[in-house]
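The structure appears right after this line, and notes come after that.
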Number of protein chains: 2
Amino acid sequence: MPDKKETEALSERKKQILANVVELYIKTGEPVGSKGLIDATGMSVSSATVRNEMNELDSMGYLEQPHTSAGRVPTQEGYRYYVDHLMKNREVDELTKRLIDAGVSSAVGDPEKLIAKSREILANLTKCATVSTAPVGEMTLIKKIEVVPVGAYSAMMVLLTSNGILKSRLCRSDTEINASVLEKFYGIAGAFIIGKPAAEITPVYIQTLAAAIEGDYFTLLPLLAAVTELADSVGDSRLVLGGSSNLLSFKDYGEGAVALLEFLSRSEPLSDVINSSRGSLDVRIGSENKYKQLENSSVIVSKYSVNGDETGTISVIGPTRMDYETIIPSIRYMTDIVGRLITQALEE
Amino acid sequence: MPDKKETEALSERKKQILANVVELYIKTGEPVGSKGLIDATGMSVSSATVRNEMNELDSMGYLEQPHTSAGRVPTQEGYRYYVDHLMKNREVDELTKRLIDAGVSSAVGDPEKLIAKSREILANLTKCATVSTAPVGEMTLIKKIEVVPVGAYSAMMVLLTSNGILKSRLCRSDTEINASVLEKFYGIAGAFIIGKPAAEITPVYIQTLAAAIEGDYFTLLPLLAAVTELADSVGDSRLVLGGSSNLLSFKDYGEGAVALLEFLSRSEPLSDVINSSRGSLDVRIGSENKYKQLENSSVIVSKYSVNGDETGTISVIGPTRMDYETIIPSIRYMTDIVGRLITQALEE
DNA sequence: ATTAGCACTCGAAGAAGCAGAGTGCTAATT
DNA sequence: AATTAGCACTCTGCTTCTTCGAGTGCTAAT
């Protein structure tokens with residue numbers, strides 16, 4: 001009789017045992033047996049009692065045995081219950097706080113660098129893989145475009161979006177880039193590009209401008225092409241993965257690690273995983289992520305707010321047996337800071 | 001009696017056998033035996049003859065047996081001899097040529113993007129890890145700095161170096177960034193920063209400017225700090241690793257793959273490996289790389305020339321059992337193209 | 001309700017045995 | 001003199017068998 005829904009309310013002792021099992025298993029990676037549990041926690045009951053309780057937790061679906069006569073391991077539901085009810089949602093550790101503060105301090109003022117940095121810090125801290133998404137959405141607008149000539153036929157172009165993403169590249173033209181070309185370019189840009197969502201600035205859109213520009217279309221083309229490339233790369237910067245090699249050290253994955261890495265390296269499914277998160281901090285355990293490749297992994301997605309809008313995310317991906325108790329506060333603290341700093345950087 | 005140096009000149013047949021063993025082993029990954037070798041190559045001698053020859057190649061140090069009564073595997077010296085004398089240095093395959101041409105075409109005109117792209121292409125082509133270094137050296141000069149205000153207190157700053165590297169970031173100031181501040185900044189920049197090597201623009205150097213700027217130092221400080229960060233990041237972009245997860249699929253490494261990835265992810269030793277290369281294309285096999293972590297790997301470093309100077313490199317790192325015969329021409333072709341395109345992009 | 005005691009189960013780790021691939025040597029062949 | 005056939009020998013990888021021990025569930029005693 002598994003799934004006694006009515007017995008939802010676990011006795012105090014069951015809760016304690018479940019919590020201990022989860023925490024011990026997270027720590028050691030070995031299935032925990034009744035004896036081992038008492039040894040490690042100093043509980044003042046006998047192993048037989050613990051065994052009975054474990055047995056019930058087992059049939060309630062919170063624990064399971066890899067095989068008869070091995071210790072218990074938390075099931076997905078076990079982790080879920082732990083995360084939802086048992087975990088002491090403790091504040092972030094003073095040391096990690098310092099590490100984070102120190103780490104981001106070098107990138108204050110530049111959103112992109114800040115996000116990259118936060119990904120890196122979090123990967124080091126959690127020893128898991130991290131994913132960040134830039135604060136880019138449907139409504140990321142092109143805010144400014146600058147073209148600075150560096151030679152007769154070449155110029156550097158810089159593009160700034162409404163959320164602080166800055167993209168730049170060199171571009172060359174076959175015709176001279178002189179003051180009159182620039183003037184025309186700024187005219188076109190001001191009229192048809194600035195203020196538009198980055199996603200709309202496609203090569204096709206640029207072609208529709210041909211009529212408006214008439215004779216000068218071909219001299220402006222190299223510059224306009226560069227604009228589309230920059231606008232496109234704004235979208236690219238959306239999803240970045242870091243620290244994936246951390247996952248290799250987890251013996252949990254065994255051979256499967258390679259397949260997982262392969263999965264993570266493809267951005268479409270990964271993006272899907274991240275985007276399907278709910279709420280400002282979402283923990284998805286094992287098969288709660290609908291991809292089979294993640295059945296042994298948990299994904300924690302935390303959103304940061306820029307100007308009050310939850311636009312970007314920072315995520316941690318690791319084995320289901322990850323240290324939720326320290327990772328969750330860390331990622332929450334990190335997203336708070338990142339959101340605050342970006343908002344601040346964007347103030348006029 | 002190993003190492004008969006006097007017998008340096010291998011008989012024609014020995015050469016052929018060595019070449020076949022190396023190629024077959026590269027292809028299959030299994031130690032090759034006398035019988036298997038004839039089957040695979042259709043040589044018209046008996047297995048016993050091949051065995052005798054192999055035995056000699058063995059005592060000359062070119063082949064070895066993982067254990068008695070297994071087939072032969074090339075030693076490091078075996079690979080070396082193969083690469084130096086036996087490999088038909090054939091031209092790059094028509095298909096790969098197309099792939100490379102098509103791949104880089106999207107990045108023509110922007111050195112940084114071009115290099116990133118080439119790394120990616122080469123990783124896909126070779127299924128190995130790739131490392132690129134930007135064309136940055138002691139003499140990479142700051143060529144241009146632009147500051148574009150985007151608000152009263154914030155601006156975007158763009159920095160261009162003499163070799164086409166473009167770096168940008170947002171920066172904020174506590175004081176207003178108005179025309180007069182900008183004018184002063186450009187004055188300082190023109191006098192003390194433009195034309196200097198990027199590596200010299202350190203926070204310390206900026207402090208020495210305080211005297212020259214006098215009262216305005218503090219209003220300019222945020223901008224100057226941003227310059228040092230950008231100048232610093234020019235150096236950062238020097239070394240980038242890609243495709244490292246490719247290495248996981250090689251069974252050659254077994255468990256060691258993790259350690260190798262860890263090694264590659266640290267940039268100091270990696271940079272040392274790359275920089276100790278000689279000549280325009282250097283193949284280092286196994287322990288020829290002085291790091292123990294690379295004893296089962298080969299590194300191929302190829303330099304590209306910008307304006308005739310061999311400044312940057314593109315490298316491939318993989319197991320010693322890599323397909324030298326196709327990889328070497330590919331990387332050579334790639335560096336040729338990259339060098340040519342960057343040189344072209346930098347023309348005035 | 002808890003606990004001590006015990007028979008039982010199952011995997012991990014080692015030992016033993018076998019099949020096969022490949023060798024080196026010797027003696028015969030060209 | 002070089003090549004080849006033949007053969008005894010060696011070593012690994014695989015499978016099968018045992019043993020060992022941790023951990024369980026049940027029953028009976030507290």
Side-chain angles (χ1 to χ4, degrees), chain A residues 1-2 7 10-18 20-21 24-25 28-75 78 251-252 254-255, chain B residues 1-2 7 10-18 20-22 24-25 27-75 78 251-252 254-255:
Chain A
M1 56 204 68
T7 325
L10 268 53
S11 74
E12 233 12 84
R13 195 169 62 187
K14 278 204 184 56
K15 288 185 185 175
Q16 201 196 332
I17 288 180
L18 178 52
N20 285 340
V21 171
L24 194 54
Y25 181 64
T28 66
E30 300 294 321
V32 346
S34 51
K35 187 82 188 329
L37 189 71
I38 331 191
D39 290 354
T41 61
M43 296 176 72
S44 54
V45 284
S46 79
S47 65
T49 310
V50 173
R51 265 201 304 280
N52 290 332
E53 295 282 48
M54 278 178 157
N55 197 339
E56 291 187 52
L57 285 168
D58 201 322
S59 47
M60 289 181 201
Y62 294 125
L63 294 179
E64 70 183 344
Q65 309 175 264
H67 52 267
T68 333
S69 96
R72 287 339 200 271
V73 161
T75 61
K251 51 200 165 312
D252 300 67
E255 287 305 299
Chain B
M1 54 205 72
T7 325
L10 267 52
S11 74
E12 228 20 77
R13 195 169 63 189
K14 278 203 182 59
K15 286 186 187 175
Q16 200 195 334
I17 289 179
L18 178 53
N20 285 339
V21 170
V22 171
L24 194 55
Y25 181 65
K27 204 157 112 194
T28 66
E30 301 294 322
V32 346
S34 51
K35 187 81 189 329
L37 189 71
I38 330 190
D39 289 356
T41 60
M43 295 177 72
S44 54
V45 283
S46 79
S47 65
T49 308
V50 172
R51 265 199 305 280
N52 289 332
E53 295 282 48
M54 277 177 155
N55 197 338
E56 292 186 51
L57 285 168
D58 201 322
S59 46
M60 290 181 202
Y62 294 125
L63 295 179
E64 70 184 343
Q65 308 175 264
H67 51 267
T68 334
S69 98
R72 286 337 199 275
V73 160
T75 61
K251 52 200 166 313
D252 301 67
E255 288 305 298

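Computation of the quantities below employed the complete heavy-atom set of this structure, encompassing side-chain atoms and omitting hydrogens, waters and symmetry-equivalent molecules. A, B, ... follow the sequence lines: proteins, then strands. Residue 1 opens every chain. These numbers come from a predicted model, not from an experiment.
In terms of modelled atom types and a separation under 3.5 Å, the side chain of A/Thr75 and the main chain of A/Gly61 share a donor-acceptor contact.
When all heavy atoms of A/Gly36 and A/Leu24 are compared, the pair lying nearest together is O-CD2, 4.3 Å. Between B/Leu63 and B/Val21 the shortest heavy-atom distance is CD2-CG1, 3.7 Å. Nearest heavy atom pair, residue A/Pro66 against residue A/Gly71, reads CD-O, 3.3 Å. The two residues B/Gln65 and B/Ala70 have their closest heavy-atom pair at NE2-O, 3.3 Å. Smallest separation of non-hydrogen atoms from A/Asp58 and A/Asn55: CB-O, 3.0 Å.
Counting 5' to 3', DNA chain C first comes under 4.0 angstrom of a heavy atom of chain A and last does so at the ends given by C/dT2 to C/dG11.
Under the 4.5 Å side-chain criterion, counting only non-hydrogen atoms from C-beta, B/Val45 is in contact with B/Arg13. Between A/Met60 and A/Leu10 there is a side-chain heavy-atom pair separated by less than 4.5 Å. At least one side-chain heavy atom of B/Leu37 sits less than 4.5 Å from a side-chain heavy atom of B/Ile17.
If A/Asn52 and A/Pro31 are placed on DNA chain D by their nearest nucleotide, the residue sitting closer to the 5' end is A/Pro31. Looking at which nucleotide of DNA chain D each of B/His67 and B/Ala48 is closest to, the 5′-most match is held by B/Ala48.
Across the protein-nucleic acid pair, A/Glu64 atom CD and D/dG23 atom P stand 17 Å apart, rounded to whole Å. Summarising the geometry, the separation between CG on A/Leu63 and P on D/dG23 is reported as 15 Å, rounded to the nearest angstrom. In this structure, CZ of B/Arg13 is placed 11 Å from C1' of D/dT4, rounded to the nearest angstrom. Between the CD atom of A/Glu30 and the P atom of D/dG21 there is a distance of 17 Å, rounded to whole Å.
One finds the OG atom of B/Ser11 at 10.5 Å from the CG atom of B/Leu18 (value rounded to the nearest 0.5 Å).
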Would you sort out whether A/Val32 and A/Asn20 count as a side-chain contact (heavy atoms from CB on, under 4.5 Å), showing the intermediate values? CA-CA 10 Å; A/Val32 346; A/Asn20 285 340; over 6 Å; no

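DNA chain D is contacted by no residue of residues 34-43 of chain B, taking any non-hydrogen atom closer than 4.0 Å.
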Secondary structure of DNA chain D in dot-bracket form (Watson-Crick or G-U wobble, distances below 3.5 Å, | marking inter-strand pairs): ||||||||||||||||||||||||||||||

